[in-house]
Amino acid sequence: MAKNLVIVESPAKAKTIEGFLGKNYTVRSSFGHVADLNSKKLSVDVEHDFEPQYEVSPDKKKLVTELKKMAKAAEMVWLASDEDREGEAISWHLFRTLKLTEDKSKRIVFHEITKSAILQAIEKPRKIDENLVAAQQARRVLDRLVGYQLSPLLWRKVKPSLSAGRVQSVAVRLIVEREEEIKKFTTSSAFRTIAEFRLADGKNTQTFKAEYAERFDTLEKAKAFIENQIDAVFTIASVEKKPAKKSPAPPFTTSTLQQEASRKLGYSVANTMRIAQKLYESGRITYMRTDSVNLSKMALNTAKQEIESRFGSNYVKIRHYKTKSKGAQEAHEAIRPTYINNISIDGSAEEKRLYDLIWKRTISSQMSDAQLERTNVCISSSKAPKDFIASGEVIKFDGFLKVYLEGTDDENGELKRGMLPAFAKGDLLNLIEMQSTERFTKHPPRYTEASLVRKMEELGIGRPSTYAPTISTIQKREYVVKETREGVKRKVQNVILKNGKIEEKITHENTGSQKARLFPTDIGVLVNRFLMQYFDDILDYNFTASVEKEFDEIAAGKKAWNKFIKEFYGPFHQKVEETQENSGKFSGERLLGKDPKSGKNVYVKIGRYGAIAQIGDTDSEDKPRFAGLRKEQSLETITLQEALKLFDFPRMLGEVDGEEVSVAIGRFGPYVKHNKLFYSIKKEYNPASLTLEEAIRIMEAKKEADRKKVIKTFEKDKDVKVLNGRYGAYLVIKKQNYKIPKDMDPAALTLEDCYAISKDPKNMPKKRYARKKK
DNA sequence: CAGTGAGCGAGCTTCCGCTTGACTT
């Protein structure tokens, strides 16, 4: 056993470091936190100074036993978790759970994974920073109290299994409020007039475009203006040249990597992280969960060499970036290639593309500015009060643009700035064409996953390790959905002047399809309304920022962590109790009108399983009738007619073999029911007009598919079946599924083979979710 | 997943941050 045990957070890091340290050191990983609050209980003693009750996390039990054994055998244990709030707490938990002592353990930190940085760290050990640990504890306890008291309130007042928290609830709020802005937005239009010119002297035949400095609010005004230009004389009134520069973007952090991978490669946030994790594990890139834009000295040096040898020394400009994001803790470097001289790597296509993006971003961040020359030209018309304006841009020196340009989310495309011919004041121009086109204002864009992450980072909510999980949580809770909605076609009016003739034309444009955007659901809107009504302080966009200030005070030793929690918890808990007792069900109920057949009230609201329509009052004598809303319908927009239509189901179609055939719409879409069996109705059929003949066809098709599904059954034991599923053949014994080993032929299995397969634990399918029902 | 929604009531759900793994019926 080695004399020294070093514990870091990540196994990939452990492997690298072990290589630096020689055989007197064993390096192991804690895989993040090893202890936490029990997830089944509140685990905070609110009666006694909010004492948290920590336990070794269930999935870490084995690891902790092993580490404990190694620690006992070692002469010195080096706690080398990250240098931030969470890292300090990880060391503290390790110290306690491994039962270390002060004389046999030391705390060390380093920001770069280099041999010299680690050797230096070992020379300068320190003690665990108890104040920083206290700040983490305050963070942990606050989040637990908020999450575990608000969520149950939602279960009672809105719907079971919902959740609320300091981070996720604000993320939902952002999406709900953006949608409200979009609903309120009214589109207006104005006519923009663009003219295409050429120099009249014929020396330069290049054409260029210029826009008239005024927009017209009606077609009539635009037309009147253009008609007046038929015999106008156009002259260059002024030419102005200005030097300009563009600077590169800083190296990637988690959030900027997610944004660029989304803009340039179309990756979802979770996908980007999955690919980055692979690159990290294979040693291609540095750690991918970071808020730092910092590069190590070594990285800066190799970047410099790389740029010099590829592009020349005039392309080098070494820069030190400073983070702008709130609450950054900067325990790691920026995300960069481990070896910057590797321009490309082996791997899957998506790994290569992400690596390429990271390489370019890193290299370009250390390159010189691009030097530009902007030209603004004013063109006067003898028959117009204002000028036409053309602007051009010429790159004098490309600098970092040789490698990489950051993408933008800006959707309002402007006139592209290109090169302009050389002008002098007073030059005469020939008009080639003039066109006035109706342009519409656009509502603010809906968030994409990546632009939501950017907004969250700006507000300081969430951390690099939680952006992707938070976004998947709010989708899993069905507060928001990610959808692509096609744009709507709309008419655009144009007036064109060409060859001395005026023409009016109607063209069409698409309002712009929105790819993979986040939309709030009925439940998301309702939960947000509930939380805003009773807990607006926690949903406040500045809540996290203000508690972070408190955490800083605690970390500086100026305040006790449980004093802060006490100040927060008092009023918070009171509000929880009050809301519990005084407020009724929060169902978002809306009265749509009366059912013409029965004269009863028709409502829509959120029920236990989602949105439902209801005919009749709950407290009336005869039971109300219920029907679930369709997936594409919404509480806020559904009409009385649409709601009444939902009650057309279930509809009897007739009888087959003496049993009724009916059609209905369930939680998973429309279905045909016959003889207690269910048959899903595919999209090509319309459940509202489905005939008995069509229903029979659907049932036959299902039966046929089921027959094909069975590969093999056994006379001796009817519980054993070999079936064909989505992922190939599998074995079922008494409702339990088993994998069939790849080297066995499913069709040739004997009953004995099947029993053998079922006994081997290797073939047990892993359960992704704990089973809900008994 | 399972194709419901009365009423009763048992038992369950839930947070944020740190880290990977296992591999889908």
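When reading the values below, keep in mind they use all heavy atoms of this one structure, side chains included, and skip hydrogens, waters and symmetry mates.
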Side-chain N,O ([X]) to OP1/OP2 ([N]) below 4.0 Å:
X: A/K40; N: B/dT13; result: yes
X: A/Y287; N: B/dT19; result: yes
X: A/R139; N: B/dC16; result: no
X: A/T466; N: B/dG17; result: yes
X: A/R166; N: B/dG17; result: yes
X: A/Q277; N: B/dT20; result: yes
X: A/R477; N: B/dC15; result: yes
X: A/R289; N: B/dT20; result: yes
X: A/S465; N: B/dC16; result: no

Check every strand shown and say whether [X] touches a base, only sugar-phosphate, or nothing at a heavy-atom separation below 4.0 Å.
X: A/L162; value: sugar-phosphate
X: A/R608; value: base
X: A/Q168; value: sugar-phosphate
X: A/A627; value: nothing

Practice item. Assess whether one donor atom and one acceptor atom, taken from the side chain of A/S163 and the base of B/dT14, lie less than 3.5 Å apart. Key: no
Practice item. Can you tell me, in whole Å, how much space there is between the C1' of B/dC1 and that of B/dT13? Key: 16 Å
Review point. Expressed in whole Å, how much space separates the P atoms belonging to B/dT25 and B/dA2?
Key: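 Pairwise P distance, B/dT25 against B/dA2, rounds to 14 Å.
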